[in-house]
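Both counts, for ligands and for their atoms, begin at 1 and track the order of listing. Because only heavy atoms are used, hydrogens play no part in the values below, and waters and symmetry mates are left out as well, while side chains stay in.
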Amino acid sequence: MVARREFLGALTTASILPHVLFAKTFASGAEANEENSGGLMEQILCGPQPAMPSETQFAGAPEAYWAELRKQFIFRPGFLYLNNGTMGSSPRPVLRAFIESILKEDQLESSEDTELYPLWGYGNWDEYRRPVANFVGAKLEEIALVRNATEGLNYVANGLDLARGDEVIYTDEEHGSGKSPWLEKQQRYGVMVREITLPKPPASKQQILDLFEAARTPRTRIVMASHITSATGCVLPAREICAWARAHNLLSFIDGAHAIGMIPLNLREMGCDFYVTSPHKWLLSPKGIGVLYVRDEVCDRLWNTMATGGWDDHASRAARFQQFGSSNVSVLAGLRAALDFWAAIGPQRIERRIRDLHAHVKSQVAQIPGAELVSAPGEEFTAGICTVNFPKLDRMKFQQWIYHTHRIRVRGTSATRLRLSTHIYHNTAELDRFVGILRDYLRGGAA
Ligand SMILES: Cc1ncc(COP(=O)(O)O)c(C=O)c1O
């Protein structure tokens with residue numbers, strides 16, 4: 001932990017000025033509370049830290065455990081954040097690791113190496129890659145730490161040698177960052193995109209596999225699918241899709257932007273050739289970090305999109321894809337702290353909590369008159385994202401209204417559809433509050 005005097009001294013250096021400005025901006029809002037105006041950053045770095053809840057607490061009173069855990073987050077009282085699908089909020093230990101790393105690294109003395117330090121953005125970063133590899137069930141040399149899922153998605157689409165007329169199959173539910181690199185490739189090089197339309201919700205895994213099979217032609221080279229779709233939160237059968245692709249000699253590429261932190265991952269077992277994920281969503285890491293997995297057996301087939309020294313160093317395996325020029329090592333310190341935070345709670349316990357809250361909110365919104373659940377019932381095709389359609393809802397209007405009236409931040413994925421993300425910082429009482437407000441709004445009472 002940073003000593004108070006050291007911290008206050010460091011405030012005068014340019015290195016953390018952006019963070020000071022951030023703290024000031026944050027505190028200048030009309031509703032700034034004591035914690036913010038008193039210096040949230042100082043409190044995070046210098047003040048006594050809330051203890052993590054204990055195992056005994058979990059065994060005896062799980063709700064009290066989660067309430068205690070909530071103190072690890074910096075949400076202001078009364079605010080409800082239901083848009084984790086876009087971005088998560090980092091817990092205090094992650095913020096602390098991130099900010100402390102900025103302070104430490106900007107002194108530029110944390111290594112004896114006078115040649116390779118501080119060449120951030122050109123290194124192997126094994127001390128950060130190894131815990132990530134262990135967490136996602138991959139080999140160290142199969143992991144590249146990039147800057148977000150979008151970057152990884154572009155790396156794969158741009159890096160493969162495909163000929164005019166070769167085909168990629170993807171689903172209608174791929175994110176813009178998943179589709180766009182292929183659409184550009186289609187326009188530029190004549191690589192053809194075939195889009196399948198997923199059932200919403202799917203009835204079975206086989207139903208999805210049959211759609212892929214129906215789209216396959218002799219020119220198909222690669223199949224791409226989200227692990228958890230952005231728009232409807234549908235958990236697709238990634239393992240089965242990869243097995244089907246392998247059986248037909250196709251490459252498989254899974255966009256797991258939402259998966260890390262939401263559900264357990266074992267990429268070797270999944271059998272995908274390429275996988276990307278965004279730890280700043282559900283793993284609650286600092287923003288600006290992505291993970292690209294390249295199965296070692298296909299690594300040599302992928303060209304670098306960003307080329308600098310080391311672009312042709314195939315011995316470095318996937319580390320070749322993280323040579324992209326100067327970068328921010330402190331987000332990696334925060335990422336490692338996020339993995340430690342997960343280990344301290346237990347990934348299975350986190351997944352269970354996410355799923356239980358999801359089941360709760362799903363059952364509650366489903367009872368609102370006019371609700372059309374887009375998310376599947378049960379757990380097979382869902383995890384932490386619940387999507388529900390209200391044909392008469394002006395979603396944008398509601399989204400603005402509920403934030404400005406009730407400080408509830410929610411987002412939707414169509415003109416009438418809401419996407420509700422549940423995470424470990426939520427509880428059933430606040431989800432019920434949201435549902436009650438939504439019900440009243442739809443009744444016309446509050447609109
Ligand atoms: C399925 C999916 N893929 C890719 C992305 C892009 O992720 P990022 O913004 O981290 O690059 C998103 C973002 O929401 C997403 O939902």
### Task
Looking only at protein heavy atoms, identify the closest one to atom 13 (C) of ligand 1 and say how far it is in Å.
K281 NZ, 3.0 Å
### Task
Please check if the distance between the ring centroids of F274 and Y293 is under 6.0 Å.
no
### Task
Under 4.0 Å, heavy atoms only, figure out whether ligand 1 is touched by the backbone of H258, its side chain, both or neither.
side chain
### Query
Is E269 salt-bridged to R239, going by a charged N under 4.0 Å from an acidic O?
yes
### Query
Are any of the N/O atoms in D255 less than 3.5 Å from those in ligand 1?
yes
### Task
Apply the salt bridge (Lys or Arg N to Asp or Glu O under 4.0 Å) test between E297 and each candidate in R317, R268, R246; give the one that qualifies.
R268
### Query
For ligand 1, which atoms, with element, lie under 4.0 Å from some heavy atom of H280?
10 (O)
### Message
Side chain, backbone, both or neither: which applies to A257 and ligand 1 if a contact is any heavy-atom pair less than 4.0 Å apart?
### Response
side chain
### Query
With the threshold set at 4.0 Å, does a side-chain nitrogen-carboxylate oxygen contact exist between E195 and K179?
yes
### Task
Report yes or no: does a heavy atom of E151 sit under 4.0 Å from some atom of ligand 1?
no
### Task
Classify the side-chain pair Q348/R353 by whether it contains a donor and acceptor separated by less than 3.5 Å.
no
## Note on the structure
heavy-atom search around atom 15 (C) of ligand 1 in the protein gives H175 CD2, 3.3 Å
### Message
Return the CD1 to CG distance between I289 and N328, rounded to the nearest 0.5 Å.
### Response
9.0 Å
### Query
So which heavy atom in the protein is nearest atom 9 (O) of ligand 1, and how far is it from that ligand atom?
T150 OG1, 4.0 Å
#### Entry: Working for salt bridge (Lys or Arg N to Asp or Glu O under 4.0 Å), residues E141 and R130
CA-CA 9 Å; E141 56 272 23; R130 187 164 284 110; over 6 Å; no
### Task
Please report which non-hydrogen protein atom sits nearest to atom 10 (O) of ligand 1, along with the residue it belongs to and the distance in Å to one decimal place.
S278 OG, 2.6 Å
